[in-house]
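Every chain is numbered from 1, with letters handed out A, B, ... down the list of sequences.
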Amino acid sequence: MTVPVINWHMLMPELVIVLTFVIVMVFDLFKSIRKSILAWVTIIGSAIALWASVEMLHAGVNGSQFNGMLAVDRFSMFFKIIFLVSTILVSLISINYLDRGDKRQGEYYVLILLATLGMMLMASGNELIVVFLGLELMSLSLYVLAGYFRSVQVSSEAGMKYLLLGAFASGFFLYGIALIYGGAGTTSIPEIASVLEDGEKSPLMLAGMFLLIVGFGFKVALVPFHQWAPDVYEGAPTTIAAFISAGPKAAGFAAFLRIFTSALESLQPEWIVVIVILAALTMTVGNVIATAQSNIKRMLAYSSVAHAGYVLVALAAANKDGISSAMLYLLVYCVMNIGAFAAVILATTEDGENLKISDYAGLGFRKPLLALFLSIMLVSLAGFPPTAGFVGKFYVFRSAVDAGHIWLVVIAAINTAISAFYYLRVVVVMYMQEPDEELEYHAYPGLLVFTLLLATIGVVLIGVLPSYFLGPAQISTQFF
Amino acid sequence: MSLEWYLALSALLFTVGVIGVLIRRNAIIIFMCIELMLNAANLAFVAISRELGDPSGQVFVFFVMTVAAAEVAIGLAIIVSVFKHRETVNVDEVDSLKG
């Protein structure tokens with residue numbers, strides 16, 4: 001047994017996040033430091049880690065660390081960029097949001113950083129146990145964050161629901177790992193792939209694979225494992241709802257993609273049927289229920305369920321095009337979804353949150369800037385050109401058609417039409433309906449507007465110049 | 001004894017845990033059933049590890065036990081904070097979020 005040689009340089013993004021988390025924790029001890037400093041430390045640390053990840057993606061890193069347990073490749077770097085962008089955007093919108101309620105702030109940013117670290121481990125994990133540990137680090141931080149406003153009844157309730165269903169899902173995931181360990185004799189992803197290539201398809205492997213699908217299904221909220229999502233999004237602090245809908249979903253898919261297209265590639269005939277059915281169900285149920293929602297956070301929750309279905313369409317293609325289009329879609333989705341939640345935070349009134357869609361009547365005249373930002377995000381979520389949402393959907397659908405899933409793409413296209421109905425309904429309410437009563441709105445907090453501006457620039461930029469973002473995703477799929 | 005017996009016992013424990021989560025309504029009992037599921041996986045890990053003569057499976061069990069302990073600490077804290085609001089941990093009565 002030799003001591004592994006650790007190349008610290010390859011672990012830069014993770015190390016920076018760990019260091020930032022320690023600094024935030026220590027700073028929180030000093031009463032004299034303004035609490036918004038903690039947010040800025042988080043943002044600067046994440047930005048440095050983001051810069052390191054971008055550099056490593058450009059340099060084309062391809063290696064592994066800790067005896068092959070952690071893959072440091074372009075695939076993981078692309079996902080780290082998605083997570084860090086989400087973390088920065090969420091920290092930016094959190095500053096004003098937390099100041100309003102005068103809430104404790106130190107733990108908040110510590111937990112966000114820990115969740116980000118967990119996601120990064122999930123994307124890099126080249127060993128099922130490392131993926132499990134990353135998943136748990138992320139999930140445990142998120143349970144606490146969902147219930148962060150302890151004095152608010154719905155927040156605690158959201159925390160409990162998320163905890164019970166999330167831990168239930170972890171049980172399935174872990175048992176799946178145990179069975180795959182039994183079937184393959186190893187938990188290392190490349191070794192499982194080579195064992196399977198030699199033609200051993202033991203029933204243990206198959207059972208383990210289905211349990212993994214159930215575990216991932218809960219984590220990324222696929223129908224029929226989605227019931228927790230609307231409740232948690234509605235009850236959790238809005239910034240955390242934005243966070244849960246973005247990074248963790250991308251992290252779940254990162255591990256999903258790596259395990260299923262790399263380790264379990266030989267079982268493709270078995271899992272592809274399940275994925276196709278889950279994709280069709282997830283899109284249809286998510287979109288149809290979203291049309292019936294009157295609370296905007298619940299509507300966005302069901303819409304995020306539906307978006308997971310679109311990513312599954314790309315996974316069903318199960319080739320390099322499918323994987324790269326899924327990666328681009330997740331990047332696009334994270335930016336536009338956090339943007340939409342930021343607009344929801346901006347639309348809150350002095351006397352608390354107003355989250356009914358009918359409350360948005362007349363917003364187009366009274367808050368023109370806000371209504372414009374929200375409209376751009378919703379149009380992008382609906383997938384109209386020239387926004388990023390269109391580009392994301394286009395590449396996903398094309399990869400699925402190329403792989404021969406014509407019917408799945410037809411269902412996805414019908415679903416896009418259904419989703420346009422409820423996204424545009426909000427736009428119609430904002431611009432064409434008169435408000436029933438006068439509401440007192442907060443003044444525009446500069447930071448929130450800045451975040452929305454960043455998200456809008458991102459959405460338009462990806463929409464206009466998709467090849468700059470798809471290119472890195474395409475070269476990132478060389479991990480087989 | 002052969003590996004099958006251990007795996008059968010572990011599958012049985014796992015099933016008991018899943019059924020418990022689905023039919024019991026007390027949040028703490030549900031939580032205990034989830035722990036049962038994790039321990040079923042631990043039993044499978046240890047049995048397979050012995051069968052293969054590969055010690056890594058036994059190391060995984062330590063990781064899982066650590067995760068389970070952290071989960072209990074966080075889980076009980078969240079359940080206590082819900083209890084402070086509602087004086088109950090029955091999941092059917094904790095229902096202010098629905099639609």
Is chain B contacted by the side chain of A:E127, its backbone, both, or neither, given a heavy-atom distance below 4.5 Å? side chain
Of all of B:A68, B:G57, B:C33, B:A44, which one pairs up most often with chain A through heavy atoms under 4.5 Å apart? B:G57
What do you reckon, is CZ of B:R25 surrounded by more than 12 foreign heavy atoms closer than 6.0 Å? yes
Interface residues of residues 134-142 of chain A facing chain B - heavy atom cut-off under 4.5 Å: A:E136, A:L140
Which bit of B:A11 comes within less than 4.5 Å of chain A, counting heavy atoms only: side chain, backbone, both or neither? both
With a 4.5 angstrom heavy-atom cut-off, could you sort out which part of B:T66 is near chain A: side chain, backbone, both or neither? neither
Is chain A contacted by the side chain of B:L22, its backbone, both, or neither, given a heavy-atom distance below 4.5 Å? side chain
Could you pull out the closest heavy-atom pair between B:V64 and A:F132, with the gap in Å? CG2-CE2, 4.4 Å
Using a heavy-atom distance cut-off of less than 4.5 Å, which residues of residues 165-179 of chain A contact chain B? A:A167, A:F168, A:S170, A:G171, A:F172, A:L174, A:Y175, A:I177, A:A178
Atom CZ of residue position A:R425 - does it have more than 12 heavy atoms of other residues, nucleotides or ligands inside 6.0 Å? yes
Is it the case that more than 12 heavy atoms not belonging to A:M25 sit under 6.0 Å from its CE atom? yes
Most heavy-atom pairs under 4.5 Å with chain A, out of B:I30, B:L7, B:V18, belong to B:V18
By number, which residues in residues 155-164 of chain A have some heavy atom less than 4.5 Å away from chain B? A:S156, A:E157, A:A158, A:G159, A:M160, A:K161, A:L163, A:L164
Is it true that A:Y181 and B:F60 have ring centroids separated by less than 6.0 Å? yes
Counting only non-hydrogen atoms closer than 4.5 Å, can you tell me which residues of residues 83-92 of chain B sit against chain A? B:H85, B:R86, B:V91
Residue selection (most heavy-atom pairs with chain A, distance under 4.5 Å) from B:L38, B:I48, B:L3: B:I48
Between B:F45, B:F63, B:F31, which shows the greatest number of heavy-atom pairs under 4.5 Å with chain A? B:F45
Proximal component of B:V21, with respect to chain A [non-hydrogen, under 4.5 Å]: side chain
